[in-house]
Amino acid sequence: MNIYLLLKAVADSEATIRPTTDGKAVNLDGITWVLNPFDEFAVEEALKMRDAAGSGEVVAVSYGGEEVPKVLRNALAMGVDRGIHVKGAATFDALATARALANAVKGQSFDLILCGKSAIDLDNHGVGVMVAELLDLPSVSVVVKIEQKAGKLLCEREVEGGLVVVETPMPCVVCAQKGLNEPRYASLKGIMAAKKKPIDEVEGNAGESQVEVIEIQPKPQRQAGQILGQGVDAIPALIQKLREEAKVL
Amino acid sequence: MDHLLTEQQLDIKSAIREFAEKEIAPSVVERDEKSQFPAEIVRKLGELGFMGVNTPEQYGGAGLDCVSYAIVIEELSRIDPSVGVICSVNNSLICYPLQKFGSDFQHKKYLRPLAEGKLLGAFCLTEPGAGSDASALTTTAIKDGGEYVLTGEKAFITNGLMSDTYIIMARTDKTSKTKGISAFIVDADSKGFRRGVNEKKMGIRSSDCCMIILEECRVPAENLLGNEGDGFKVAMTALDSGRIGIAAQAIGLSQGALEAAVKYSKQREQFGQQIAEFQAIQFKLADMQVMTEAARLLNYSAARKKDAGQRFTVEASMAKLLASDIVMKVAMEAVQIHGGNGFLKDFPVERMLRDAKVTEIYEGTSEIQRTIIARQLLTE
């Protein structure tokens with residue numbers, strides 16, 4: 001069972017995100033890069049499927065600049081067999097990223113492509129399904145359970161208020177949702193073994209970006225709360241505020 | 001600041017930090033309050049290889065350098081120094097002397113499962129009447145055929161209640177003080193081996209600590225660690241490496257207290273501004289940072305000497321002395337910056353101050369460290 005993983009390096013969720021002075025990009029100084037948390041579910045699932053199959057390899061592919069090797073090493077430390085760094089500048093355009101990744105995996109032999117359902121930085125939910133389109137493969141997104149059945153995959157995907165069970169032939173693209181599994185931590189042996197695993201570099205072919213960033217704005221500061229009074233006596237004032245200011249009643 | 005760490009050391013740092021924040025942090029308050037041993041956390045640390053960081057791979061360890069080990073203990077202790085010391089004892093005081101002095105049989109039977117985290121170890125040197133004057137210990141080991149019979153009491157044994165394997169120092173020769181001591185590997189289920197009750201401690205309350213009572217405890221002769229009379233050397237070798245661990249514990253805790261103080265000073269407002277805007281607070285924070293970094297560098301320097309195969313006794317003593325001294329100051333200032341809130345259990349610095357004190361006491365008090373350092377100076 002050969003599985004390709006599409007991974008993304010994202011800023012640590014505790015990082016302070018500031019726009020650059022021209023307001024068209026994010027200031028990346030001092031950012032700690034981590035593996036996108038949704039991609040961790042994809043990594044864990046790939047490792048489990050490979051180990052259950054007893055053969056095959058798991059290959060992690062990531063598109064971007066110098067932030068990429070660290071998170072690829074992270075995946076290798078978890079147990080992935082090798083990495084491919086698709087070099088290029090990270091972009092806001094999900095389609096450009098998808099093109100770079102699809103071009104990198106096209107022609108490779110795989111049974112499955114796994115990725116996170118979205119990246120926590122741009123939240124586009126786009127790359128996985130776009131890669132599937134570009135490679136002319138079926139795709140299932142927001143998946144919380146994967147089962148192999150007679151050469152096909154049964155996937156449970158989350159929808160509003162319930163689950164949909166989808167059957168898909170392989171190869172295909174599956175985008176992981178939280179709940180799919182409990183990702184493992186890298187062990188010390190895994191971290192040391194990662195040093196000896198190859199990370200190949202290829203030039204990314206992302207094509208022309210169709211997205212132009214006009215402006216990046218920092219989140220507005222949260223307004224301070226108001227204490228209207230205490231106990232039952234405060235309720236009329238609260239109702240008035242909710243009706244007239246917040247307009248939620 | 002990356003302290004010229006290698007890529008691999010930085011990867012280890014981020015891996016253990018992630019583990020500590022996700023797996024250890026959520027239960028710190030409850031375990032401190034209830035004096036509860038973190039059994040599940042220790043089990044997971046073992047699976048990931050953190051219970052035998054420096055132990056060579058051929059014996060089941062991770063085979064890593066001592067700087068990596070210091071990083072691991074720092075990162076654990078930044079979140080919870082109780083977990084830090086549990087891990088440090090198993091690594092430094094158990095796996096290290098077993099590796100150095102153990103026979104093939106002992107490597108296979110004890111070192112491998114201890115380094116793999118399948119067994120937990122405790123180190124028994126101190127006695128009610130032999131603390132800093134460790135060589136005054138009175139526990140006896142009398143040879144009887146193919147066995148030794150151990151009798152006596154050991155005090156302040158970290159991991160004492162939870163361990164499977166104990167390294168116990170006992171006297172085989174009453175005519176010689178240090179040369180009359182031998183080290184034994186004792187299984188917890190040995191006849192005549194008994195544990196006391198969990199001590200009620202000021203800090204590191206999630207780490208257990210108890211007396212070990214030996215009543216004609218019979219130990220097979222093959223469990224003698226090193227030769228008869230090597231016991232004091234075994235203990236001092238273990239403590240040299242242990243002091244790098246305790247220094248790392250103090251440094252990690254100091255880092256945790258500093259981060260808590262920075263966070264609080266940016267939230268708390270007085271006189272119409274964040275207290276971080278006041279120079280009085282800024283100077284405290286700057287001093288706390290400098291002290292923590294200085295201790296960290298001194299400890300990495302001791303660790304690098306050990307990695308280079310050089311003697312590191314004095315370096316480890318200096319690092320442990322400085323680190324335990326600064327963590328008291330840093331934790332105290334962290335509480336001060338928190339004002340009244342720092343005196344409450346609602347904020348982590350209250351626990352941190354209680355956790356800090358023991359680093360000046362165990363694995364050689366600050367006074368003993370100074371004695372070691374001065375003795376070296378004066379005999380050179």
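Remember, predicted model here, so these are calculated numbers, not experimental data. Because only heavy atoms are used, hydrogens play no part in the values below, and waters and symmetry mates are left out as well, while side chains stay in. Numbers restart at 1 for each chain; the letters A, B, ... are given by sequence-line order, proteins then strands.
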Practice item. List the atom of B:K22, the atom of A:Y185, and the distance in Å for their closest heavy-atom pair. Key: CB-OH, 3.2 Å
Point to revise | Gap between atom CZ of A:R184 and atom NZ of B:K44 - 0.5 Å precision | key: 14.0 Å
**Study point:** Distance in Å, A:M192 CE paired with B:I12 CD1, rounded so as to fall on 0.5 Å steps
**Key:** 7.5 Å
Practice item. For atom CD of A:E66, decide whether the heavy atoms of other residues, nucleotides or ligands shown that lie under 6.0 angstrom number more than 12. Key: no
Review point. Should we count CD of B:E7 as having more than 12 external heavy atoms under 6.0 Å?
Key: no
Review point. Between B:S68 and chain A, which part of the residue has a heavy atom less than 4.5 Å away: side chain, backbone, both or neither?
Key: neither
Check your understanding: When you look at NZ of A:K145, are more than 12 heavy atoms from neighbouring residues, nucleotides or ligands closer to it than 6.0 Å?
Key -> no
Practice item. Kindly give the heavy-atom pair with the smallest separation between B:A15 and A:I191, and that separation in Å. Key: CB-CD1, 3.6 Å
Check your understanding: Which distance, rounded to the nearest 0.5 Å, do you find between the CD of B:E57 and the CG of A:L188?
Key -> 10.5 Å
Review point. Within a radius of less than 6.0 Å around CD of B:Q273, do more than 12 heavy atoms belonging to other residues, nucleotides or ligands occur?
Key: yes
Check your understanding: Do you know which two heavy atoms are closest between B:G61 and A:K189, and how far apart they sit?
Key -> O-CE, 3.5 Å
Practice item. Verify the neighbour count for atom CD of B:E40: are there more than 12 heavy atoms of other residues, nucleotides or ligands below 6.0 Å? Key: yes
Exercise for review: Decide if atom CD of B:Q267 counts as having more than 12 heavy atoms of other residues, nucleotides or ligands within a radius under 6.0 Å.
Suggested key: yes
Review point. Got a second to check how far A:N74's CG is from B:E18's CD, nearest 0.5 Å?
Key: 7.0 Å
Point to revise | Spatial distance of atom OG1 (B:T6) from atom NZ (A:K195) [nearest 0.5 Å] | key: 7.0 Å
